[in-house]
Amino acid sequence: MTELTDLTAVRLLDGYRKGEWSPVEATRAALERAEAIQPEVNAFVRLTAEDALARARESEERWRRGEPQGLLDGVPVTVKDILLQRGAPTLRGSKAVDPAGRWDEDAPSVARLREHGAVFIGKTTTPEYGWKGVTDSPLSGVTRNPHDPSRTAGGSSGGSAAAVALGAGPLSLGTDGGGSVRIPASFCGIFALKPTYGRVPLYPASAFGTLAHVGPMTRDAADSALLMDVIGHPDSRDWSALAPPPGAYTEGLAGGVRGLRVAYSPSLGGQVAVRPEVAAAVRRAVMRLAELGAYVTEADPDLTDPVEAFHTLWFSGAARVTEHLGPHQRELLDPGLREICTQGARYSALDYLAAVDVRMDLGRRMGDFHDTYDLLVTPTLPITAFEAGAEVPKGSGHRRWTGWTPFTYPFNMTQQPAASVPVGADGDGLPIGLQLVAARHRDDLVLRAAHALYEAGVASAGGVRPSGS
């Protein structure tokens, strides 16, 4: 018997079309799975079962009439609790946010999902204000890895990654300011795309400025392409939003990788110590790209670790987002967040502009790099998931989460599209991610190459069954 929670959005929609199952059945299955995983994994801030089932019944009637509403009618989706969703408080992982508000507006990406008939089943967990690369907060506690609940799901979109991996809706909206869709995708074994900055509009504007992206988190690249066809259009509330894409991302998936110029950088020129099992899995996937017809060269981009400039931009943003809080509210904050806010408040305008200069030079270098190479391939992360509830791996010597995410945050600074593709597991069964990066505006190439890896069986959309199922 088909488990509806195991299916991608593309397959669910095909089943609706053929009458094999209904939106109500799919929504009930997703809600039941969400309720089942919540005690152990803690992926959700809240579930919205009553509203979800009402929307699913409306969708079912539209499908019965042969009049589906948009591209995602009846598909269960989840939304990271950083993005506004009408009718549901957006608490951002913080006890300092008052849940008693009007909550009468959708973020642009959420609005597009609503217009296309998607069924919202719940809001997913985030660290406070999305500040770090793991998901735990004073408000909602620790979110755990679906493959091993003693390990972290990663972050900051960890609740979304765990929900998708475990079948609590095939699609989720995450945010990524330094790796926050790619990190948990790598740790949880799903696909995630950080689109070119501005491709998916963001409102309200992030205090982290143009580092912050909205991106799809899905079971495979085809689902992300479908989701991008829905959310990747301008919204008047975001002055930095890009013009509409030239065509549908789903239509470009089948192009394959033959003839693409691929640079494989195993360690960014020796700057990153990568765990051997991670390096081996990524190398095997890169060899498969070559077998599929890509011209693969081992080559490193011309960059040095921009972590200090990133910290200036990131910590300043954290200080700004909490600036309005009074002394009592500040006491409620995650201690790590309080610490970086204090540091961020000390930076001057000249410090900030110096960091912007580093960022602009990094963007120039990557622009030059992509004159030669269509795609850059790296590990998404140098490690697999570590103990839950910690910002950094025990004994690593790292002070902040950026110490173990050197492959992700540079591409927030350059605004390039970057995706994490699951390409294997370590000896403990923990997922390993490969990162694909393209020049700005070439989201289509990232999705195309990722889809080729899925089609070749290198990446898997299998997901995880919860314990006891």
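Please read all numbers here as calculations on a predicted model, not as lab measurements.
- In plain terms, the two heavy atoms of Leu292 and Ala456 that are nearest each other are CD1-CB, 4.0 Å.
- At a threshold of 4.5 Å between non-hydrogen side-chain atoms, the residues Phe310 and Met413 count as touching.
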In sequence, state the C-alpha distance, the side-chain angles, and the governing distance for Ser224 and Leu227, and then conclude on side chain to side chain contact (heavy atoms under 4.5 Å, CB included). CA-CA 5 Å; Ser224 275; Leu227 188 46; 5.5 Å; no
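- For the 3.5 Å distance criterion, the side chains of His311 and Thr402 qualify, holding a donor opposite an acceptor.
- Remark: Arg11 does not engage Asp6 in a salt bridge, criterion side-chain N to carboxylate O under 4.0 Å.
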Applying salt bridge (charged side-chain N to carboxylate O under 4.0 Å, His left out), run through Glu455 and Arg448 and close with a yes or a no. CA-CA 10 Å; Glu455 290 287 283; Arg448 215 171 92 193; over 6 Å; no
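- Ser160 and Ser172 are linked by a side-chain donor-acceptor pair at a separation below 3.5 angstrom, with hydrogens and angles left out of the test.
- Here the CG atom belonging to Leu453 is positioned 9.0 Å from the CZ atom belonging to Arg288, to the nearest 0.5 angstrom.
- A pairwise comparison of heavy atoms in Tyr197 and Ala212 identifies CE1-O, 3.4 Å as the closest pair.
- Looking only at side-chain heavy atoms (C-beta outward), Glu60 and Ser22 come within less than 4.5 Å of each other.
- Under the 30°/60° scheme for interplanar angles, the aromatic rings of Trp401 and Tyr409 are found to stand perpendicular.
- With no hydrogens or angles considered, no side-chain donor-acceptor pair links Arg219 and Thr8 at under 3.5 Å.
- Residues Pro146 and Cys188 are in side-chain contact: their nearest non-hydrogen atoms beyond the backbone lie under 4.5 Å apart.
- With respect to Asp106 and Arg86, a salt bridge is recorded, a charged nitrogen being found less than 4.0 Å from a carboxylate O.
- Listed for the Gln38 side chain is a donor-acceptor partner under 3.5 Å among the backbone atoms of Ala43.
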I would like to know whether Arg442 and Asp444 meet side chain to side chain contact (heavy atoms under 4.5 Å, CB included); could you show each step before the answer? CA-CA 5 Å; Arg442 293 313 309 265; Asp444 60 317; 2.8 Å; yes
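- Proximity of a side-chain donor or acceptor of His116 to a complementary backbone N or O of Leu71 within less than 3.5 Å is detected.
- Under the 4.0 Å criterion applied to side-chain N and carboxylate O atoms, Arg338 and Asp334 are not assigned as salt-bridge partners.
- With respect to the salt-bridge test (charged N to carboxylate O, under 4.0 angstrom), the residues Arg320 and Glu323 qualify.
- Distance CG/Leu376 to CD/Gln416: 8.0 Å, rounded to 0.5 Å.
- For Asp148 and Arg144, the salt-bridge test fails: no basic side-chain N is under 4.0 Å from an acidic carboxylate O.
- In this structure, Ile82 and Thr90 have side chains that are not in contact, with every pair of non-hydrogen atoms separated by 4.5 Å or more.
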Audit row: Leu375, Leu260, side chain to side chain contact (heavy atoms under 4.5 Å, CB included) steps and yes/no: CA-CA 8 Å; Leu375 291 168; Leu260 292 182; 4.0 Å; yes
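- When all heavy atoms of Trp103 and Asp98 are compared, the closest pair comes out as CZ2-O, 3.5 Å.
- At a cut-off of 3.5 Å, with distance as the only test, no side-chain donor of His213 or Gln415 sits close to an acceptor on the other residue.
- For the pair Asn145 (side chain) and Phe187 (backbone), a donor-acceptor distance under 3.5 Å is present.
- A salt bridge is defined here as a Lys NZ or Arg NE, NH1 or NH2 lying under 4.0 Å from an Asp or Glu carboxylate O, and Glu61 with Arg64 meets this definition.
- Ionic pairing of Arg400 and Glu391 is present here: one or more N-O contacts between side-chain nitrogen and carboxylate oxygen are shorter than 4.0 angstrom.
- Judged purely by distance below 3.5 Å, without hydrogens or angles, the side chains of Thr384 and Asp426 pair a donor atom with an acceptor atom.
- The closest side-chain donor-acceptor pair between Gln435 and Thr378 falls under 3.5 angstrom.
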CA sep, side-chain torsions, deciding dist, call: Lys80, Ser156, side chain to side chain donor-acceptor pair (under 3.5 Å): CA-CA 9 Å; Lys80 182 181 181 181; Ser156 63; 2.6 Å; yes
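- Residues Phe44 and Thr78 approach most closely at CE2-CG2, 3.6 Å, considering heavy atoms.
- Leu113 is listed as a side-chain neighbour of Val230, based on a closest heavy-atom distance under 4.5 Å.
- Proximity of a side-chain donor or acceptor of Lys194 to a complementary backbone N or O of Phe411 within less than 3.5 Å is detected.
- Contact detail for Ala438 and Val446: the closest heavy-atom pair is CB-CG2, 3.6 Å.
- For the pair Asp81 and Arg92, the salt-bridge criterion is not met [side-chain N within less than 4.0 Å of a carboxylate O].
- A heavy-atom distance below 4.5 Å is found between the side chains of Val10 and Leu226.
- Residues Pro393 and Trp404 are in side-chain contact: their nearest non-hydrogen atoms beyond the backbone lie under 4.5 Å apart.
- Between the side chain of Asp229 and the backbone N or O of Ala248, no donor-acceptor pair lies under 3.5 Å.
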Side chain to side chain contact (heavy atoms under 4.5 Å, CB included) between Ile183 and Thr405, worked out: CA-CA 8 Å; Ile183 295 164; Thr405 61; 3.5 Å; yes
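- With hydrogens and angles disregarded, no donor-acceptor distance shorter than 3.5 Å links the side chain of Ser420 to the backbone of Ala192.
- Nearest heavy atom pair, residue Ala450 against residue Leu436, reads N-CD1, 3.6 Å.
- Heavy atoms of other residues, nucleotides or ligands lying less than 6.0 angstrom from NE2 of His328 number 12 at most.
- Asp176 places a side-chain N or O within donor-acceptor distance of the main-chain N or O of Val181, the cut-off being under 3.5 Å.
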Show your working on side chain to side chain donor-acceptor pair (under 3.5 Å) between Ser140 and Arg46 and close with a plain yes or no. CA-CA 10 Å; Ser140 53; Arg46 71 190 59 81; over 6 Å; no
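- How far CG of Asp220 is from CZ of Phe191: 8.5 Å, rounded to the nearest 0.5 Å.
- Between the Asp238 side chain and the Leu202 main chain, a donor and an acceptor come within less than 3.5 Å of each other.
- Taking the side chain as every heavy atom from C-beta outward, Val377 and Leu289 approach each other to under 4.5 Å.
- When only modelled atom types and interatomic distance are considered, Asn412 and Arg182 share a side-chain donor-acceptor pair under 3.5 Å.
- In the displayed structure, Arg258 atom CZ is contacted under 6.0 Å by at most 12 heavy atoms of other residues, nucleotides or ligands.
- Interatomic distance, Leu83 CG to Lys123 NZ, rounded to the nearest 0.5 Å: 7.0 Å.
- Taking 4.0 Å as the cut-off between side-chain N and carboxylate O, Asp235 and Arg112 count as a salt-bridged pair.
- Using modelled atom types, one finds no donor on one side chain facing an acceptor on the other under 3.5 Å when comparing Ser180 with Ser157.
- In this structure, Leu53 CG and Ser59 OG are separated by 12.0 Å, a value rounded to the nearest 0.5 Å.
- Panel note: side chain Arg33, backbone Leu166; a donor-acceptor pair is recorded below 3.5 Å.
- To the nearest 0.5 angstrom, Thr48 atom OG1 is 9.0 Å from Phe120 atom CZ.
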